[in-house]
Number of protein chains: 2
Amino acid sequence: MDIREIARRAKVSTATVSRAINRVPTVDPQLAKRVWRVVDELGYYPNTQARALVLGRTRIFGLIVSEITNPFFPEIVQTFEDLAVENNYEILLTSTVHDPKRMESSVRRMIERRVDGVAILTFGMEESLIEHLRDRKVPLVFVDVGPDVPGIANIRINYISGIRQAVQHLAAMRHTRIAFIAGPEHLKSAGARREAFETSMLEIGLPPDLVVIGDHRMEGGMNALLELNKMSARPTAVMCSNDMTAIGVLREAYEQNIKIPDDLSVVGFDDIHLAEFTIPPLTTVQMSQHGLAEIAFNALLNEVENSTSPREQHSYELVTSLVLRKSTTLARAVGSAIIPEKSNRTTRPRKAAESSPR
Amino acid sequence: MDIREIARRAKVSTATVSRAINRVPTVDPQLAKRVWRVVDELGYYPNTQARALVLGRTRIFGLIVSEITNPFFPEIVQTFEDLAVENNYEILLTSTVHDPKRMESSVRRMIERRVDGVAILTFGMEESLIEHLRDRKVPLVFVDVGPDVPGIANIRINYISGIRQAVQHLAAMRHTRIAFIAGPEHLKSAGARREAFETSMLEIGLPPDLVVIGDHRMEGGMNALLELNKMSARPTAVMCSNDMTAIGVLREAYEQNIKIPDDLSVVGFDDIHLAEFTIPPLTTVQMSQHGLAEIAFNALLNEVENSTSPREQHSYELVTSLVLRKSTTLARAVGSAIIPEKSNRTTRPRKAAESSPR
DNA sequence: CTTAAGTTGGAAAACGTTTTCCAAACGCCT
DNA sequence: AGGCGTTTGGAAAACGTTTTCCAACTTAAG
């Protein structure tokens, strides 16, 4: 069913139909009504491909995430979706699963489909791939740590604000041996979190030396706690680079019969929805997924709609802050740190996958 | 950058370029190589809109889910994505969040973008909306309980297989007061689970009378346990309509200081990835999300690619089965069912949202 | 050497829109 | 009534592909 079909039935030209549909004000109200009647009657929907072809705009935004199964992302996707519906856009979602091949194909797909802009929420993407997008003048927005080229919108996360709060909170509870379970090493965002932890610790005169590497997954959290447990001077509190890691810690603590928070205080990072429902409820640093998605979408939208204007702001900042729940408490008297009683374990933790999230 | 630009530079016609790119065998290898060189040099990507316009196929599949933030779905989306990449398709993802308006807009968007097929994983969709899709001959696949019209692929879930196993497992553990926390009432899939529970109970001669309504969310699970707790004859075991509900139960049990599994055995449904990491690890009925997505995608693909063939199979079945973890154990001696000791509670559970998941 | 068959590449139409001209129709002033 | 600006609607070009013809060339057979 064509626009021509509509034109024929309404006894006008296709130009008029197009104008009526797009609500151009100069068209005679009588005629417009006639057109709309036919449109509704036949259930006609304009072909967006044809429209995109002539307009040079697809009304599609690309969204590249690193791993849709990481509970951090669905919230973002949902908000992005909401905004898309509101503004008549579609989303082209790709998930890189940390695979260079998938990153490449993601970018290729974005270009092939001629998206109007791309939000990139994955890291370790080859510089050359990004160059590909830039060559084509596709508006880009990076979350967290994109390349620092002018002309690319960048949403910076203020990690220090929330992490400092967390560390101070722990210190106020008289913890002195505070460990950190980092994310995968190649991941810039994980690096930034770790740095924020280190500076926060130094600020209050504590040595940030208890650091083990996780993978931003539950599996990594489990293994990390095992490692922490082997240390001679065991920590009385542990900060995790993200909530999934913290959930892993909680889980392994249960196996080891380590009581949280009495034997060990734990704090997470991200404040995913789930964090409210862990056992015990997780004290964590909040980084609003909703806010993040909103900023990203609007940055893109702004770039597309008023690309004439001298693109004022190209750097946004999202602050983080501590939310207190029940996984932290006062440090015990010195010496009585982690004392496993009996083990709950019946199964070994799974080996962490080699590639690693966000 | 055009196909014409390529043609010019390679000193051939656009037809030849098109043929070279699409690997039509009749084109002279020499020429093809020449064309490819230019293509690679300029980084040319065909415009998919234009292609779709002439081909009448977009290579886009629609995927309508009810709520992307429900951990059940991301796994499905990921698998769908994987298959899409493999087959050179894109996914148009929409999330209805149980809102009729969003369902309508989902369908509209699918039609506007001229997707080649739609997988529907949401319920309570107006018959008329589906009719809309059918009118346009868009291949459809329903998961679980679609309308029973011939010509629409339907993936049926065999709930009884897994749920019967679960009930029998519980009974073997000497539980006799087994409760069920159902999903939202308007939801067909939830109804089917409940029915499966009831028949399984009757089969072994137990009355399926301890049923309370949840909402397939953690909040609903928490509230449901509260309700169960008020009963005079408290259950010693509870089955949940999905894992999120079970997680809520675990969480509320923690508040109430009810020991799982000693005071109460709980089993979930879905076997989301998280189920392995709850405290204690959740015994649950598995329904392979991977398998589900795979069947759905292939059904669509099959319909599109060989729509000539007399569409052999239009009904698929996915079986479910029990996976044992640590949230169930032997029933205690009669009379000592749930005995709250002291309460952990500091915060009230949030009021469940009024609309309800999956 | 001529002709028939087979290969290969090009010109142009088609896909379904939007938009730029243009021309017709209309109202208004003198 | 004639001229003039202003609405209003139509014809046609353009967007970037694929594909159908068809013509030109190559090869092989007679």
Side-chain angles (χ1 to χ4, degrees), chain A residues 1-36 38-39 42-60 88 90 108-109 111-116 136-138, chain B residues 1-39 42-60 88 90 108-109 111-116 136-137:
Chain A
M1 181 179 5
D2 271 42
I3 196 178
R4 291 182 291 232
E5 175 81 13
I6 308 294
R8 221 172 300 135
R9 301 217 189 196
K11 304 205 183 309
V12 294
S13 78
T14 63
T16 307
V17 177
S18 171
R19 283 191 280 247
I21 286 177
N22 295 307
R23 304 209 138 74
V24 174
T26 70
V27 58
D28 179 69
Q30 284 290 340
L31 258 196
K33 197 169 292 178
R34 205 163 85 215
V35 171
W36 274 108
V38 180
V39 166
L42 299 200
Y44 163 78
Y45 292 92
N47 182 323
T48 40
Q49 335 283 335
R51 180 180 278 171
L53 199 53
V54 38
L55 255 33
R57 303 228 271 115
T58 51
R59 292 195 93 82
I60 302 178
N88 259 300
E90 298 305 334
R108 182 178 46 69
R109 290 159 73 191
I111 296 179
E112 280 181 353
R113 297 285 171 175
R114 301 294 194 270
V115 297
D116 289 344
R136 287 173 175 68
K137 314 238 179 293
V138 182
Chain B
M1 180 179 7
D2 272 44
I3 197 178
R4 291 182 291 233
E5 174 82 13
I6 308 295
R8 223 172 298 133
R9 301 218 189 196
K11 304 204 183 312
V12 295
S13 78
T14 63
T16 308
V17 177
S18 171
R19 283 192 280 246
I21 286 177
N22 294 309
R23 303 209 140 73
V24 174
T26 71
V27 56
D28 177 69
Q30 284 288 340
L31 257 195
K33 198 170 291 175
R34 206 163 85 213
V35 171
W36 273 110
R37 186 160 22 243
V38 180
V39 167
L42 299 200
Y44 163 78
Y45 292 91
N47 183 322
T48 39
Q49 335 284 335
R51 181 180 277 173
L53 199 53
V54 38
L55 255 33
R57 303 230 272 117
T58 51
R59 292 195 92 83
I60 302 178
N88 261 300
E90 298 305 334
R108 182 178 45 69
R109 291 158 72 191
I111 297 179
E112 280 181 353
R113 298 283 171 176
R114 302 294 195 269
V115 298
D116 290 344
R136 286 174 174 68
K137 314 240 179 291

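Residue numbering restarts at 1 for every chain, and letters A, B, ... go by the order of the sequence lines.
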Which listed nucleotide ([options]) is nearest to the side chain of [X]?
{"X": "A:Ile3", "options": "D:dT18, C:dT17, C:dA11", "result": "C:dT17"}
{"X": "B:Ala50", "options": "D:dG9, C:dT8, D:dT17", "result": "D:dT17"}
{"X": "B:Ser13", "options": "D:dG9, D:dA11, C:dG10", "result": "C:dG10"}
{"X": "A:Val12", "options": "C:dG10, C:dT17, D:dG10", "result": "D:dG10"}
{"X": "B:Val54", "options": "D:dT18, C:dG16, D:dC15", "result": "D:dT18"}

| query | Crowded around B:Arg9 CZ? As in, over 12 foreign heavy atoms under 6.0 Å? | reply | no

What is the distance, rounded to the nearest whole Å, between atom [atom1] of [X] and atom [atom2] of [N]?
{"X": "A:Leu55", "N": "C:dG16", "atom1": "CG", "atom2": "P", "answer": "17 Å"}
{"X": "A:Arg113", "N": "D:dT17", "atom1": "CZ", "atom2": "P", "answer": "14 Å"}
{"X": "A:Gln49", "N": "D:dG16", "atom1": "CD", "atom2": "P", "answer": "15 Å"}
{"X": "A:Glu5", "N": "C:dC15", "atom1": "CD", "atom2": "P", "answer": "13 Å"}
{"X": "B:Arg51", "N": "D:dT17", "atom1": "CZ", "atom2": "P", "answer": "8 Å"}
{"X": "B:Leu31", "N": "D:dC25", "atom1": "CG", "atom2": "C1'", "answer": "14 Å"}
{"X": "A:Leu53", "N": "D:dT18", "atom1": "CG", "atom2": "P", "answer": "12 Å"}
{"X": "B:Arg136", "N": "C:dG16", "atom1": "CZ", "atom2": "P", "answer": "14 Å"}

Within less than 4.0 Å of OP1 or OP2 of [N], is there a side-chain N or O belonging to [X]?
{"X": "A:Thr14", "N": "C:dG16", "result": "no"}
{"X": "B:Asn47", "N": "D:dC15", "result": "no"}
{"X": "B:Tyr44", "N": "D:dG16", "result": "no"}
{"X": "B:Thr16", "N": "C:dG10", "result": "yes"}

| task | Mark yes or no for a side-chain to base donor-acceptor pair under 3.5 Å between B:Arg19 and C:dG10, with no hydrogen or angle criteria applied. | result | yes

| said: Can you tell me how far apart CD1 (A:Ile60) and CD (B:Glu90) are? Round to the nearest 0.5 Å. | reply: 9.0 Å

| Value rounded to 0.5 Å, distance of OG1 in A:Thr14 from CD1 in A:Ile21 | 10.5 Å

| Identified salt bridge (charged side-chain N to carboxylate O under 4.0 Å, His left out) partner of B:Glu112 from the options B:Arg108, B:Arg114, B:Arg109 | B:Arg108

| Within the structure shown, what part of the strands sits under 4.0 Å from B:Ser18 by heavy-atom distance: base, sugar-phosphate, or nothing? | base

| query | So which one's nearest nucleotide on DNA chain D is more toward 5', A:Ala15 or B:Val17? | reply | A:Ala15

| Pair A:Arg8 + A:Glu5: basic N to acidic O under 4.0 Å | yes

